[in-house]
There are 2 protein chains.
Amino acid sequence: MPLPVSLKNIASRAGITKAAVSMALRDHPSISVARRAEVQKLAREMGYRPNLLARGLVGKSTRSIGIAWTLGRPISGGIVQDLTIRLWNRGYVTFMANSLSDPIITRQILSDFTQRGVDGVIIEAAGLLNDPVLVGQLKGFKAAVALASEIDDVPVNLVKQVTSYGIRQMLDYWLATGRRRIGFIGEASHDKIEPIRQKLLEFGLPADHVHIVDVTNQPPTVNYFDHYWSALDRTFPRPKEPFPCDAVLCAADGGASALLKWLAHRGLRVPHDVAVAGIGDVDMARGTTPPLASLDRHGDTLSETIEALLFQRLERPDEPVLIKTVPTTFVWRESAGPCPTCLASARKGLPCPLHAKKVV
Amino acid sequence: MPLPVSLKNIASRAGITKAAVSMALRDHPSISVARRAEVQKLAREMGYRPNLLARGLVGKSTRSIGIAWTLGRPISGGIVQDLTIRLWNRGYVTFMANSLSDPIITRQILSDFTQRGVDGVIIEAAGLLNDPVLVGQLKGFKAAVALASEIDDVPVNLVKQVTSYGIRQMLDYWLATGRRRIGFIGEASHDKIEPIRQKLLEFGLPADHVHIVDVTNQPPTVNYFDHYWSALDRTFPRPKEPFPCDAVLCAADGGASALLKWLAHRGLRVPHDVAVAGIGDVDMARGTTPPLASLDRHGDTLSETIEALLFQRLERPDEPVLIKTVPTTFVWRESAGPCPTCLASARKGLPCPLHAKKVV
DNA sequence: ATGAAAGCGCTAACAT
DNA sequence: ATGTTAGCGCTTTCAT
């Protein structure tokens, strides 16, 4: 293996100082154009690769970004991958660490990132932004972007996933199609439960009409199917008792697919007896029976926005912090009930443009 | 934000050299025990955090590992997440880069990793190990581990995923249950097609009896469902023509779930007319109708093995390179055909211990 | 325009 | 035993 060639090596070969070489390579005007070309050619021939550790030590940028994320969840996983590509295309390399949604671990991660001189951090901050220490750490970076769903008044660039948006769409549809006993399975976070309550109130229904199965998804959870299935068996141990809901939102598509099976197993028909929807809109949501309605988180928009806010801050550090919102949207499929387009068309006495034969 | 405190700051406060401080903090015997305690206390009070860039520049370790992976595929994604955690627990931080399975990009990534002085690299090397330049780069790291499925004679630690193992299990089962017209959908790589051919020959069937729909999964593919569905429509445009296979293996579970739907759409029953299996064994494989048989890649074993090989090399660099293999295993579910345990029991004239009522 | 000197924060090799 | 000097590879500043 060829040992690394440094500026000093080039300098001695060229008969000048390493400082001059450094400047020549970066086209500094202090070096004559002829010299520059000469040095650059030499560097290329010798296979010079700058030591990024040394450059980062003295320079103002390490061209690296730290990402602290709760890895392992199918939904947000794609965002991280996408971000990695986007950053690489901008000439930045990514430090990745699994925050496990834990404030202590996240503090350590951010501390490590600081010690490594990253230019910026991206943090998935579900609930973490309540920790003042953590927020203080974030402010220490040249640029920081948080992905959150609730907090507003935080002194860092924020991309806010408005989960409630899609949930409201979904509830409008469910309530309009006669569903009244709404259920929720998953981590019962504020941003998911509250919009349900609100919609119920809006329709003149009691807000405590939400049946919640609070399945805390410990971060390393991969198998949502079994996780939800056992939670359902635990919560509804008696097969003879009637199921209390006529529409259930699940916080994960994998869990929703479990619910579909579980309901069938109990002799309940979807969507006739119980409507079901998930969150995440993974590809296999199309592959369940019936196809699973879901909430699209718009991961592509999310990562695009995160990238934009990060570099906005990196390039113009003095401008005030920004908050951008990205909605979720309701993706209808059969598991949720009758096709909304069919319904709308039927109301006008027309056949459905999508399902001409299936007018309801 | 508190500006970073360096060894120099501590040194001037303590009235000694920064070198002495450095040694005191690391309990070097050259420093009197009393002084060590004194300096360590001072450092703690001042909130000293070593600059890892500087330490890496001079020291022999940056306590960082680079991962070059084809991100975005649901199967291998979990491995990366798991590795990130494992490395963090060992005190290492992870550089993550998306190789997109492209040799040129991967070369750049490895080059960048070198310039940043990583202690080791982990590379998902499907097909990449044929590139001699790339292998040369790998040898330049103190430790390198490659995850591959085919290559054997490569001078780096290798974790070999033996896909063929599970495929052979599956074909034994399919051929034993009377399936003869085997199909494959996905990227028709050697390690997947060859074991199918071999098994056919073993059973005295022509090896060209494999019907291949070569769906190249460009790396950023996320939506396997639609991808496979359109490939199926393209390959079999005429609904009236009989489907040529009685058993089909799909390279991705998401794609397999599309096949299930597509077959139903064509009026074919699964598993009666056509048996179906996927690869990856994602949680939602349990949620299709019928439940989807699959190949378990044993991601946990995979990442555990990668970790072991990496640190084995890091700690004992002089020992010869190792190759460890991890099999895939066939996970039976209804989509593949009748329950193997039922079959085995029936052969002995006993009821199936798993499905007592469903003896076939 | 050109080049030499200083220093980033740290640790290993040297003195005393 | 106790601590200082030298130097990692790079860039910025200062003098010519």
Side-chain angles (χ1 to χ4, degrees), chain A residues 2-40 42-43 46-64 111-119 142, chain B residues 2-40 42-43 46-64 111-119 142:
Chain A
L3 40 147
V5 27
S6 72
L7 284 185
K8 201 163 101 178
N9 302 142
I10 303 178
S12 70
R13 286 258 265 139
I16 52 175
T17 358
K18 52 181 183 163
V21 176
S22 168
M23 299 166 96
L25 290 179
R26 285 171 303 139
D27 277 321
H28 196 283
S30 304
I31 307 292
S32 72
V33 180
R35 248 282 133 83
R36 285 184 221 170
E38 176 197 334
V39 171
Q40 287 170 9
L42 189 57
M46 296 176 70
Y48 171 71
R49 311 257 68 191
N51 180 325
L52 264 21
L53 249 28
R55 182 175 278 176
L57 180 59
V58 61
K60 61 233 79 274
S61 165
T62 53
R63 300 205 77 85
S64 64
S111 171
D112 188 286
F113 286 168
T114 306
Q115 295 177 255
R116 293 182 191 271
V118 299
D119 296 325
K142 277 189 300 214
Chain B
L3 40 147
V5 26
S6 72
L7 286 185
K8 200 163 103 178
N9 303 141
I10 303 178
S12 70
R13 287 258 265 136
I16 51 175
T17 351
K18 52 184 182 157
V21 176
S22 167
M23 299 166 97
L25 290 179
R26 285 170 303 140
D27 278 321
H28 196 283
S30 304
I31 307 293
S32 73
V33 181
R35 183 131 272 166
R36 284 184 223 170
E38 175 197 332
V39 172
Q40 286 170 10
L42 189 57
M46 297 175 71
Y48 170 71
R49 309 258 70 190
N51 179 324
L52 264 19
L53 249 30
R55 183 176 277 180
L57 180 59
V58 63
K60 61 232 80 275
S61 166
T62 53
R63 298 205 77 86
S64 64
S111 171
D112 188 286
F113 286 168
T114 305
Q115 295 177 254
R116 293 182 191 272
V118 298
D119 296 325
K142 275 188 301 209

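Order of the sequence lines fixes the chain letters, A, B, ..., with proteins taken first and strands second; residue numbering starts at 1 for each chain. All values below come from the heavy atoms of this structure, side chains included, with hydrogens, waters and symmetry mates left out. Remember, predicted model here, so these are calculated numbers, not experimental data.
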Are B/Arg55 and C/dT11 close enough that a side-chain N or O sits under 4.0 Å from OP1 or OP2? yes
Could you check which of C/dG7, C/dT2, C/dG9 has an atom nearest any side-chain atom of A/Ser32? C/dT2
From NE2 of B/His28 over to P of C/dC10, roughly how many Å is that when rounded to an integer? 17 Å
Can you tell me the distance, in whole Å, between the CG atom of B/Leu57 and the C1' atom of C/dA12? 13 Å
Atom CG of A/Leu7 and atom P of D/dT11: how far apart are they, to the nearest Å? 6 Å
How about B/Asn51 and A/Gln115: do any of their side-chain heavy atoms sit closer than 4.5 Å? no
Within the structure shown, what part of the strands sits under 4.0 Å from A/Ala20 by heavy-atom distance: base, sugar-phosphate, or nothing? nothing
Reading DNA chain C from 5' onward, which residue's closest nucleotide shows up sooner: B/Met23 or B/Leu52? B/Leu52
Reckon B/Lys60 has a side-chain N or O less than 4.0 Å from the OP1 or OP2 of C/dA12? yes
Categorize B/Ser30 for me: base, sugar-phosphate, or nothing, with a 4.0 angstrom heavy-atom threshold over every strand shown. base
Please compare A/Ile31 and A/Ala54 by the position of their nearest nucleotide in DNA chain C and report the one closer to 5'. A/Ile31
Classify the side-chain pair A/Ser111/B/Arg49 by whether it contains a donor and acceptor separated by less than 3.5 Å. yes
Side-chain N or O of A/Arg26 less than 4.0 angstrom from OP1 or OP2 on D/dC10? no
I need the CD1-C1' distance between B/Ile10 and D/dG3, as an integer number of Å. 17 Å
Out of C/dT2, D/dG9, C/dG9, whichever nucleotide has its closest atom nearest the side chain of B/Ser6: C/dG9
Which nucleotide in the list D/dG3, D/dT5, C/dG9 gets nearest to the side chain of B/Arg35? D/dG3
Check the distance between C/dT11's P and B/Leu25's CG and give it to me in whole angstrom. 8 Å
Counting just side-chain N and O atoms, does A/Arg36 come under 4.0 Å of either OP1 or OP2 of C/dA1? no
Take atom NZ of B/Lys142 as the centre, draw a 6.0 Å sphere, and report whether it contains more than 12 heavy atoms from other residues, nucleotides or ligands. yes
Nucleotide D/dT11, atom P - distance to CG of B/Leu53 in whole Å: 13 Å
Regarding the side chain of B/Pro50, the nearest nucleotide among C/dA4, D/dG9, C/dC10 is C/dC10
With a 4.0 Å cutoff (strictly under), does any side-chain N or O of B/Lys8 reach OP1 or OP2 of C/dG7? no
Count the heavy atoms belonging to other residues, nucleotides or ligands that lie under 6.0 Å from CZ of A/Arg36, then report whether that count exceeds 12. yes
B/Val58 or B/Ile16, whichever maps to the more 5' nucleotide of DNA chain D: B/Ile16
Do any N or O atoms from the side chain of B/Arg116 and from the backbone of B/Thr62 form a donor-acceptor pair under 3.5 angstrom? no
Is the phosphate of C/dT11 approached by B/Ser22 (side-chain N or O, under 4.0 Å from OP1 or OP2)? yes
Integer-rounded Å distance: D/dC8 P and B/Asn51 CG: 18 Å
Between A/Leu42 and A/Tyr48, does a side-chain contact (heavy atoms from CB on, under 4.5 Å) hold up when you go through it step by step? CA-CA 9 Å; A/Leu42 189 57; A/Tyr48 171 71; over 6 Å; no
